[in-house]
Amino acid sequence: MDIFTELGTDIARLWNAYAPTYLNGIKNTLILAVVATFFGCLIGLFCGVLNTIPYSRQDPLWKKILLRITRVLIRLYVEVFRGTPMVLQAVFIYYGLPYFTNAKVAFSGYSGMWWASILIVSINTGAYMAESVRGGIISIDPGQTEGAKAIGMNHVQTMVYVILPQALRNIMPQIGNNFIINIKDTSVMFIIGFIEFFAVHRTIVGINNLYFPSAVIEMVGYLTLTLLASLILRAVERKMDGASNYELVQTDALAMSAGTYCHPDRGTPFDERSKEFRDRTKQELKFGRPKGDR
């Protein structure tokens, strides 16, 4: 029991002394995760759409060659950035670009670390989202595409107005999953000197040598962030699903305009039957037919 009391005392002492520093790390982590997830989704959407552009034997040769080269490049990008750790990607981008360009391309200063961190996490997220978007697009029933083409839509219109709205709902859980992963994986940005939540923990431990109490604060902080993100994303998913109950339309506008629908009160624009007949029809619908007419 004394151990837990001592642990609580150390946690309270660290929080009282370094609360603004911890909160600043949380703020940087959230900003980086939100911005990088947004740009990563845009990269993944772009790559996923390019990767699903159809072509046939009747298409020009240049189109088929261009689409094949595009798919090879996207596949290479996806495999490289999905198959290597983000910490190594950070090293190669932050330290490798100045090395191979003789410092002509370099991330200098505090703003440079921000831009480098956003670039690294965005590219990594885009590699995962590219496959998620591709899977979401090909999961849509091909009949949707055929129906859109039947009414004269081209490929761009079909993607924008028919396929992508449905695919977006299908991949929304994966977008949320990548956002939660980014909240945690931003911790590897300490390798380039970016001050996020985990880097704050390392700095405070170096000053006080209280590793485990600070780690408990980190654990609670990350868990709180991910739980809040999960709740928000599930609320967004429910919003996209719409209402659970729908009020069905009782009259068909097409049938009304065609003159094939007979309303008990109004009839149709082409109805030549008398008002007495309509009144009788209304009574039969409400109370049933008299026995003599059955």
TODO: Apply side-chain contact (heavy atoms from CB on, under 4.5 Å) to the pair R134 and I74, showing each step before the final yes or no.
DONE: CA-CA 11 Å; R134 186 180 70 87; I74 292 174; over 6 Å; no

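- Between atom CG of residue N177 and atom CD1 of residue I180 there is a gap of 6.5 Å, rounded to the nearest 0.5 Å.
- The 12-atom threshold is exceeded at OH of Y110, counting heavy atoms of other residues, nucleotides or ligands nearer than 6.0 Å.
- Between Y77 and F81, the ring planes are tilted. Angles from 30° to 60° get that label.
- Looking only at distances, a side-chain donor or acceptor of T29 sits under 3.5 Å from a matching main-chain atom of F197.
- Proximity of a side-chain donor or acceptor of Q89 to a complementary backbone N or O of I120 within less than 3.5 Å is not detected.
- Legend: residues meeting salt bridge (charged side-chain N to carboxylate O under 4.0 Å, His left out) with R82, ordered by chain and number and at least two apart, are E79.
- K149 has no carboxylate O lying under 4.0 Å from a charged side-chain N of E146, or vice versa, which leaves the two without a salt bridge.
- Residues L164 and V49 are in side-chain contact: their nearest non-hydrogen atoms beyond the backbone lie under 4.5 Å apart.
- Here the two rings, on Y22 and H201, have centers that are 6.0 Å apart or farther.
- Under the salt bridge (charged side-chain N to carboxylate O under 4.0 Å, His left out) criterion, D185 pairs with no residue at all, not counting sequence neighbours.
- Hydrophobic clustering places I207 together with F198 (ILVMFWY residues linked when any side-chain heavy atoms are closer than 4.5 Å, directly or through intermediates).
- With salt bridges taken as basic N to acidic carboxylate O contacts below 4.0 Å, one links E131 and R75.
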